[in-house]
J.: 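Attaching a single structure in structure tokens format; questions to follow.
All of these numbers come straight from a predicted model, not from anything done at the bench. For reference, positions follow the sequence shown, starting with 1.
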Amino acid sequence: MDLRRITLLHKTKPKRLLLFFTNPISSISSPSPQSQPQSNDSDQNLLIINKVKSILSNSILDTSKCKEESIRLLSPSKFDYVLFNIQSTVNPKTTLNFFSFASQNLGFRFTLRCYCILIHILIRSNQIDSARLFLIRLIDGKLPNVVFENLEYKHIEIVKTFSDSILKKSEENGSGGVAAFDLLVHVYCTQFRNFGLGIAFDVFRLLTGQGSFPSIRTCNFLLDTLVRGKEFERSIEVFNIVYSSGGIVNPDVRTFTMGVNASIIKGLIDLDKLEDAKCVLKEMSEMGVVPNVVVFNTLIDGYCKVGDFSEASALIEKMTSKVINPNEVTYYSLIDGLCNVGRMEEAEHLLEETLSRGLSVRPGVFNSIIHWLCTISRLDSAVRLIREMMLRNYRPNEKVLTKLVNGLCKEGKHSVATEIWFKLLEKGFAASTPTSNALVSGLCKSRNMKEAVRLLKVMIERGLPLDIVMYNAIIDGCCKDGKVEEGFKLRDEMVKRGVKSDIITYSALLHGLCDKGRMDEAVSFWNEIKRGGLVPDIYMYNMMIDGYCKAKKVEEGRSFFNELVSQGLELNSSVYNNLIKGYCGDGNMVAAFKLRDEMKAKGIMPNVKTHSILIGGFCDVRKVQEAKNLFGEMRTEGLTPNVVCYTQLIRGFYEIGEMENASNVMEEMCAFGVAPNEYTYTVMINGYFKMSDQKEAMKLYGQMLEKGIAPDVVTYNTLINGLCMTGKMEDAFMACDAMSQRGLVMDKVTYTTLVDGLCSLGLSKEATLISEGIIKRGMVPWHVKEDTLLICGGYLRPPECDPKAAGICAWAKSEKICRLYVWTIEEAAYFSSSFTTSPCPNKTLTVTIDGAELLEYQKEEIGKDVADSKTPTVSKETLENPVLRGLSSLEANEKWKNCEFADLWLNEKEAYKMKQSRFE
């Protein structure tokens with residue numbers, strides 16, 4: 001198809017800003033030389049011509065000659081005639097000065113053709129800048145005394161005059177015509193673009209219609225200007241005029257590129273015409289013009305935008321066959337097109353190919369692919385591309401980065417997310433507030449408060465913006481981590497920085513107090529909230545109710561429940577469930593069921609959680625059959641018991657020693673399609689170990705692994721404890737290895753269990769090594785209170801002969817230790833006599849020894865001094881374990897390791913080694 005047909009395919013002709021052909025051109029043009037009136041006296045005419053010539057051909061303007069009457073009285077048309085004939089002999093600078101002097105001092109008026117001739121003279125003498133400035137002033141109406149026949153059509157006059165006079169004279173002497181036309185078109189495209197590109201187009205069309213063409217460079221400039229101005233139809237028409245010029249101008253590769261561009265874009269608007277652009281390649285070949293990478297890229301981009309990737313691929317093959325290598329623009333068009341139609345895997349593959357070729361990639365491509373990878377959870381690939389972006393000093397899109405950080409945090413890859421955050425900061429691309437919020441929130445949810453606070457400090461140091469979302473996340477994290485004081489400090493700091501607390505801030509702090517059982521402080525804070533004008537919502541009431549119930553103060557929780565009702569707030573199942581749980585915790589099942597019935601009466605139907613609480617409550621008071629009956633009630637109400645309900649019932653049977661029934665419940669839940677979870681298996685394993693059935697416990701552990709249920713720390717601690725109780729220390733350590741392989745970290749309970757197990761087998765050396773490991777990790781065994789120091793028998797005997805005993809005393813005083821647990825009479829006597837007063841203010845120093853020897857010690861060692869207020873109290877501290885009652889000292893030494901004090905139980909090696917690093 002001939003590209004010249006493209007114009008004919010467009011029904012609508014370009015709109016004209018000036019109606020060129022409504023006025024006959026001849027009626028407004030300047031008079032031609034032949035039409036000038038002739039003087040009867042030819043000698044007089046020749047005299048004038050020579051006089052003007054003598055003035056203008058001189059290197060310096062003689063203003064005195066300009067003032068002569070013969071010159072001063074010349075008419076515009078007469079001077080027009082003279083200048084046209086002598087233009088090739090005049091001095092350009094002198095002529096320019098004459099125009100200025102005559103118009104300003106003599107009131108001389110010049111025809112339009114005179115100004116056009118002057119511009120032509122300047123162009124011929126290569127004074128392009130002066131010619132351009134003069135032309136701009138002419139078009140803009142800034143030149144004085146210009147004679148226009150019709151100001152309404154002055155643009156037409158200028159173009160017509162250039163065509164009829166300047167270019168005609170150029171044909172006579174063979175110079176300057178094309179340059180003058182180039183200047184005219186260029187000025188209209190640039191300086192007077194605000195008139196509209198339609199004028200530049202019409203200037204071009206009028207002049208080329210008369211056979212006057214600019215250089216191909218100017219044609220290309222006009223094409224480029226029209227394409228950039230989205231004048232696609234006019235672009236195509238200009239291309240067709242150039243293409244059909246008959247060799248006056250020869251299109252080059254840039255001309256074809258502009259034509260392709262216009263055709264492609266027009267084709268995208270009218271899809272049925274997109275194929276027209278493809279014909280350009282054929283026509284270029286016919287004219288001997290070799291298409292370059294820009295032409296191919298333009299065509300490929302067009303087909304990619306309409307989703308025709310088969311044509312795009314064919315063009316790439318043709319491109320490579322001509323030894324033209326695809327560049328980054330080629331790949332960008334393909335990748336962008338594939339992304340737009342959702343063919344993301346192919347887009348990713350092309351991106352990898354682009355990177356492997358060492359080509360540059362636009363940030364938008366990276367962002368599109370990374371966003372998709374995050375959506376399908378291929379986060380490792382997304383992270384790799386983010387790093388590629390940063391290597392190229394590209395800033396990832398905020399939305400993409402936030403999505404990636406959220407994904408990494410959900411998968412527990414907080415260290416990777418943090419690394420990216422700091423790398424961006426190092427590059428000078430500080431993450432946006434939403435991205436930083438996502439990371440801090442993820443760290444807080446994973447209880448990694450140390451890292452979250454570090455990020456906060458860095459942001460403050462760098463002056464990065466902080467908002468209420470970030471502060472709330474960290475405050476909530478601190479409270480959930482039990483660091484309520486830190487939460488309140490952050491709240492105060494936040495307020496100082498001008499960030500106001502909101503309902504979420506208050507809720508997080510209130511929840512922290514309630515969760516710690518600090519209900520007196522919670523009530524004070526509750527009142528502070530109300531004084532601040534904030535009305536507590538149902539969630540805050542629920543926190544207070546739950547807090548009181550956990551603190552075993554159900555009636556206070558009920559008071560808040562009643563207040564909630566009086567406030568007219570809409571109750572929900574969560575509020576009722578918390579209060580029911582409180583009554584169940586108190587063993588008051590009657591009150592719990594009464595509340596359940598009240599709940600029903602108000603149209604709030606008990607849910608699965610309500611029943612799981614009631615089932616757990618019955619199990620706690622050993623009414624397991626009643627708990628089981630609730631399952632039938634649930635099914636009657638259309639509720640399906642979940643894993644929590646079944647696990648509670650299993651726990652109930654295990655606690656009353658009916659493991660067979662517990663096993664039957666587990667089989668039943670599987671039959672109903674309810675899969676046991678790690679807690680279910682943990683309860684069962686613990687039950688079998690308590691029943692000394694290690695074989696069945698280990699069988700359940702194996703079954704758990706086979707079903708792909710990952711044991712958690714509690715499961716492993718239960719398993720390790722059971723193995724230690726049965727003396728299977730090697731198996732216990734193998735369980736520790738399995739625990740580590742799963743990425744789980746051994747906690748205080750794990751270490752303490754291992755130490756106890758080793759000591760029970762007399763392996764004190766090995767126990768000591770583990771105890772030292774506990775201290776090095778900054779841990780304190782799980783059953784040692786903050787104000788407690790335990791020194792056990794045999795290790796410091798006799799204590800007065802052991803130099804470390806004095807160190808223990810000194811450390812206990814400095815650390816305000818007020819409770820000492822010892823093993824023997826000698827130790828009790830030594831440590832009680834070492835303290836004249838209690839190191840802990842407002843607390844009595846208590847020395848507790850093994851229950852089997854306590855009575856004898858009180859009789860023989862203390863005697864009458866027990867009543868002396870200066871003597872520290874030595875008491876039994878509720879030793880309820882019957883194993884030690886009535887036993888001899890020797891028997892107590894053998895059985896002590898299984899004794900459970902009301903506060904703690906430990907063995908001597910662990911206790912001493914736990915503390916010794918503190919006072920060595």
Side-chain angles (χ1 to χ4, degrees), residues 331-332 334-355 360-449 451-456 458-459 462 464-477 480 504 743:
Y331 281 102
Y332 173 76
L334 289 165
I335 295 170
D336 188 55
L338 290 167
C339 288
N340 287 336
V341 296
R343 292 166 63 173
M344 301 305 298
E345 290 185 12
E346 295 169 76
E348 184 194 7
H349 175 74
L350 274 174
L351 176 58
E352 296 291 351
E353 186 177 332
T354 307
L355 294 173
S360 64
V361 180
R362 299 182 190 182
V365 172
F366 276 114
N367 286 323
S368 297
I369 303 295
I370 293 169
H371 187 275
W372 169 70
L373 290 170
C374 291
T375 302
I376 62 170
S377 298
R378 284 181 52 193
L379 299 182
D380 291 342
S381 298
V383 168
R384 182 172 55 79
L385 291 181
I386 282 284
R387 286 172 176 155
E388 286 282 354
M389 287 189 78
M390 290 191 287
L391 282 174
R392 289 164 170 76
N393 288 322
Y394 291 158
R395 182 187 185 117
N397 176 277
E398 176 189 314
K399 183 179 178 182
V400 169
L401 195 57
T402 304
K403 189 176 183 69
L404 175 61
V405 168
N406 271 322
L408 289 170
C409 290
K410 285 180 182 177
E411 289 194 3
K413 299 177 180 178
H414 301 90
S415 59
V416 178
T418 305
E419 176 206 333
I420 291 171
W421 191 91
F422 277 103
K423 190 68 176 177
L424 285 167
L425 190 64
E426 179 187 320
K427 287 278 186 182
F429 303 144
S432 66
T433 303
T435 305
S436 299
N437 288 345
L439 178 54
V440 169
S441 179
L443 289 168
C444 292
K445 287 177 182 176
S446 67
R447 300 296 177 88
N448 191 349
M449 295 308 301
E451 195 67 9
V453 171
R454 181 167 80 101
L455 250 70
L456 178 66
V458 170
M459 292 183 73
R462 297 293 186 98
L464 300 178
L466 302 171
D467 63 4
I468 187 66
V469 176
M470 176 168 293
Y471 273 112
N472 282 344
I474 299 180
I475 289 170
D476 184 58
K480 286 179 178 175
I504 298 173

J.: Going by side-chain hydrogen bond (donor to acceptor under 3.5 Å, both in side chains), name the residues that satisfy it together with R362, two or more places apart in sequence or in a different chain.
T.: none
J.: Are I370 and M389 close enough, and set up right, to give a side-chain contact (heavy atoms from CB on, under 4.5 Å), and what steps lead you there?
T.: CA-CA 10 Å; I370 293 169; M389 287 189 78; 3.7 Å; yes
J.: Is a side-chain N or O of Y394 found less than 3.5 angstrom from the main chain of V361, in a donor-acceptor match?
T.: yes
J.: Run the side-chain contact (heavy atoms from CB on, under 4.5 Å) check on E419 and R387 step by step: do they pass?
T.: CA-CA 11 Å; E419 176 206 333; R387 286 172 176 155; 2.9 Å; yes
J.: Please list, chain by chain and in numerical order, all residues satisfying side-chain contact (heavy atoms from CB on, under 4.5 Å) with K399, sequence neighbours excluded.
T.: H371, N397
J.: Checking side-chain contact (heavy atoms from CB on, under 4.5 Å) between L439 and each of N406, I420, T418, which is the one that passes?
T.: T418
J.: Test side-chain contact (heavy atoms from CB on, under 4.5 Å) on M470 and L456 and set out the steps.
T.: CA-CA 8 Å; M470 176 168 293; L456 178 66; 4.2 Å; yes
J.: Is the CD atom of E345 crowded by more than 12 outside heavy atoms at less than 6.0 Å?
T.: no
J.: For T402, which residues count as a side-chain hydrogen bond (donor to acceptor under 3.5 Å, both in side chains) partner, sequence neighbours excluded?
T.: T435
J.: Report the residues that fulfil side-chain contact (heavy atoms from CB on, under 4.5 Å) with V469, sequence neighbours left out, ordered by chain and then residue number.
T.: N437, D467
J.: Minimum heavy-atom separation for A417 to V405, with atom names?
T.: CB-CG1, 4.4 Å
J.: Partners of K427 by salt bridge (charged side-chain N to carboxylate O under 4.0 Å, His left out), sequence neighbours excluded?
T.: none
J.: Which pair of heavy atoms, one from A438 and one from C409, lies closest together, and at what distance?
T.: O-SG, 4.1 Å
J.: About how many Å separate OG1 of T354 and CG of L350, when rounded to the nearest 0.5 Å?
T.: 6.0 Å
J.: So which heavy atom on E398 is nearest to which on P434, and how close?
T.: OE2-CG, 3.4 Å
J.: Using a 4.5 Å cut-off on heavy atoms from C-beta on, say whether the side chain of V458 contacts that of F422.
T.: yes
J.: Check side-chain hydrogen bond (donor to acceptor under 3.5 Å, both in side chains) between R395 and all other residues, then give those that pass, not counting sequence neighbours.
T.: none
J.: How many angstroms lie between OH in Y331 and CD in E353, if you round to the nearest 0.5 Å?
T.: 3.5 Å
J.: Give the minimum heavy-atom separation between V440 and A473, together with the two atoms involved.
T.: CG1-CB, 4.3 Å
J.: What residues form a salt bridge (charged side-chain N to carboxylate O under 4.0 Å, His left out) with E346, not counting sequence neighbours?
T.: R343
J.: Counting distance only, does the side-chain N/O of N367 pair as donor-acceptor with the main-chain N or O of P363 below 3.5 Å?
T.: yes
J.: Can you name the side-chain hydrogen bond (donor to acceptor under 3.5 Å, both in side chains) partners of K403, sequence neighbours left out?
T.: none
J.: What are the two closest heavy atoms between Y471 and L466, and how far apart are they?
T.: OH-CD1, 3.5 Å
J.: By salt bridge (charged side-chain N to carboxylate O under 4.0 Å, His left out), which residues pair with D476, not counting sequence neighbours?
T.: K480
J.: My understanding is that only residues two or more places apart in sequence, or in another chain, count here; which of them pass side-chain contact (heavy atoms from CB on, under 4.5 Å) with A347?
T.: I335, L338, C339, I369
J.: Is any side-chain heavy atom of W421 less than 4.5 Å from a side-chain heavy atom of S436?
T.: yes
J.: In chain order, what residues pass the side-chain contact (heavy atoms from CB on, under 4.5 Å) check against I504, with sequence neighbours excluded?
T.: N472, D502
J.: Which side-chain N or O atoms in residues 376-386 pair as donor and acceptor under 3.5 Å with protein atoms at least two apart or in another chain?
T.:
{"from": "R378", "atom 1": "NH1", "to": "E348", "atom 2": "OE1", "distance (Å)": "2.9"}
{"from": "R378", "atom 1": "NH2", "to": "E348", "atom 2": "OE1", "distance (Å)": "3.4"}
{"from": "R378", "atom 1": "NH2", "to": "E348", "atom 2": "OE2", "distance (Å)": "2.6"}
{"from": "R378", "atom 1": "NH2", "to": "S381", "atom 2": "OG", "distance (Å)": "3.3"}
{"from": "D380", "atom 1": "OD1", "to": "K413", "atom 2": "NZ", "distance (Å)": "3.1"}
{"from": "R384", "atom 1": "NH1", "to": "E352", "atom 2": "OE2", "distance (Å)": "3.3"}
{"from": "R384", "atom 1": "NH2", "to": "E352", "atom 2": "OE2", "distance (Å)": "2.6"}

J.: Which pair of heavy atoms, one from S368 and one from M344, lies closest together, and at what distance?
T.: O-CE, 3.7 Å
